[in-house]
Q: 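Dropping the structure in here first, questions after.
Numbered from 1 within each chain, the chains take letters A, B, ... in sequence-line order.
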2 protein chains.
Amino acid sequence: MPLDEIDKKILRLLQEDAHYTLKDIANKINLSLTPVHDRVKRLEKDGIIEKYVTLLDKKKLGNNLTVYCQVTLTKQTYDTSEGFNQSILNLPEVVECNYVSGNFDYMLKIIIPDMESYHHFHQKKLSVLPEVSLINTVFVISEVKSTTVLPI
Amino acid sequence: MPLDEIDKKILRLLQEDAHYTLKDIANKINLSLTPVHDRVKRLEKDGIIEKYVTLLDKKKLGNNLTVYCQVTLTKQTYDTSEGFNQSILNLPEVVECNYVSGNFDYMLKIIIPDMESYHHFHQKKLSVLPEVSLINTVFVISEVKSTTVLPI
DNA sequence: TACTTTTACAGAAAAATATTCTGTTTTAAT
DNA sequence: ATTAAAACAGAATATTTTTCTGTAAAAGTA
């Protein structure tokens, strides 16, 4: 179960580019196809590899605004939390939602076309949720870093 | 350049799973291989498709703590910002970094093994940066949603 | 309208890749 | 020592991607 150095090398490569071929990987780490294939399959089976996804250019898709919403609930009960969680899962603009410590309850990340869309989202989709008491918006002015690569 | 409905269907599928074959996609949208292939290549060339990546299970890799750092700089000058940005790019624990509006300057997302590692990161890597004046930490207690899928 | 060009598509052939199979070497366990 | 289990290499097969050829539809031009 613990990852050896070869597993880690494979994972580092696949994190970078899910379209590396087994041959690419085999060459880069000086192995034949077989062990690379077997290891990738094992890493998938064990759930170390969660999935392969395609990342799109959000701006080219017209999503020019990113904001963080700091949300406070009306009550800190289980039912309130669960209700809020379920609603969030159905909002495609919300790409991240975490229950957090501190002066508010949830930190959300929203990706959306522009300020007008955000206004609509804020007024018609988020603040209308019965569990929501307070929303504090933090606007992203400029993206410095955004990666799916985890340190291994 | 504008995306038609077929492009959008392809993008929606590829966002879900970068390992769908052309045949998979062709079947799902009732087309032959050729147009699917041509469209994917065009979407790649136009940069709508940025890259294909592999998502790993952060907890199975031992990263059990996620935190947001709200960072205030010593000065709001260009040089200070640029210096900070460059430092951040070299910190693998920082998976997101955005320059933001509000009571602080930057919102960071950190993925790290545990509180001890965070303590070390905070004291030895972040607060030591000459541009950093203040750090406010928001701890993630529970992850509700995290997706790379953009609404199309 | 008639003609040309371009675009989008289907089907088949070729090339590249993933998967499976066979067997060898190494390592660990008894 | 002997056996069993892992890790690997190489080859065969299956699948997928890429390229090629050709057709139909759409758009542009005279």
Q: Could you check which of dC9(C), dT20(C), dT19(C) has an atom nearest any side-chain atom of Pro35(B)?
A: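 Of dC9(C), dT20(C), dT19(C), dC9(C) is nearest to the side chain of Pro35(B).
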Q: How many Å lie between CG on Leu31(A) and C1' on dT25(C), as a whole number?
A: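 So the CG-C1' distance, Leu31(A) to dT25(C), works out to 14 Å.
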Q: Taking CG from Leu33(B) and P from dG22(D), how many angstroms apart are they, rounded to a whole number?
A: 19 Å
Q: Passes side-chain hydrogen bond (donor to acceptor under 3.5 Å, both in side chains), Tyr99(B) versus Asn85(B)? Steps please.
A: CA-CA 9 Å; Tyr99(B) 182 58; Asn85(B) 293 353; over 6 Å; no
Q: Rounded to whole angstroms, how far apart are NE2 on His37(B) and P on dA15(C)?
A: 15 Å
Q: Which nucleotide, dA10(C), dT16(D), dC8(D), lies nearest any side-chain atom of Lys23(B)?
A: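 Output: dT16(D).
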Q: Strictly distance-based, threshold 3.5 Å: is any side-chain N or O of Thr74(A) a donor or acceptor partner for the main-chain N or O of Ser133(A)?
A: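 Between the backbone of Ser133(A) and the side chain of Thr74(A) there is no qualifying donor-acceptor contact (under 3.5 Å).
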Q: To the nearest angstrom, how far is Ile10(A) atom CD1 from dA7(D) atom P?
A: 12 Å
Q: Report the distance from atom CG of Asp38(A) to atom P of dA7(D), rounded to the nearest whole Å.
A: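 That distance rounds to 9 Å.
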Q: Rounding to a whole Å, what distance do you find between Ile6(B):CD1 and dT7(C):C1'?
A: 12 Å
Q: dT17(C) P sits how many Å from His19(A) NE2, rounded?
A: 12 Å
Q: May I have the distance from Ile25(B) (atom CD1) to dT15(D) (atom C1'), rounded to whole angstrom?
A: 15 Å
Q: So if I take every side-chain heavy atom of Thr21(A) and compare against dC9(C), dT19(C), dT17(C), which nucleotide ends up nearest?
A: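 Of the options given, the side chain of Thr21(A) lies nearest dT17(C).
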Q: How close do Ile29(B) and Leu13(B) get, counting heavy atoms only, and between which atoms?
A: CG2-CD1, 4.1 Å
Q: Taking 4.0 Å as the cut-off, does a side-chain nitrogen or oxygen of Arg42(A) come that near to OP1 or OP2 on dA6(D)?
A: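 Result: no.
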Q: Could you tell me whether Glu143(B) and Lys58(B) have a side-chain N and a carboxylate O separated by less than 4.0 Å?
A: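 Here Glu143(B) pairs with Lys58(B) in a salt bridge, since their nearest N and O are under 4.0 Å apart.
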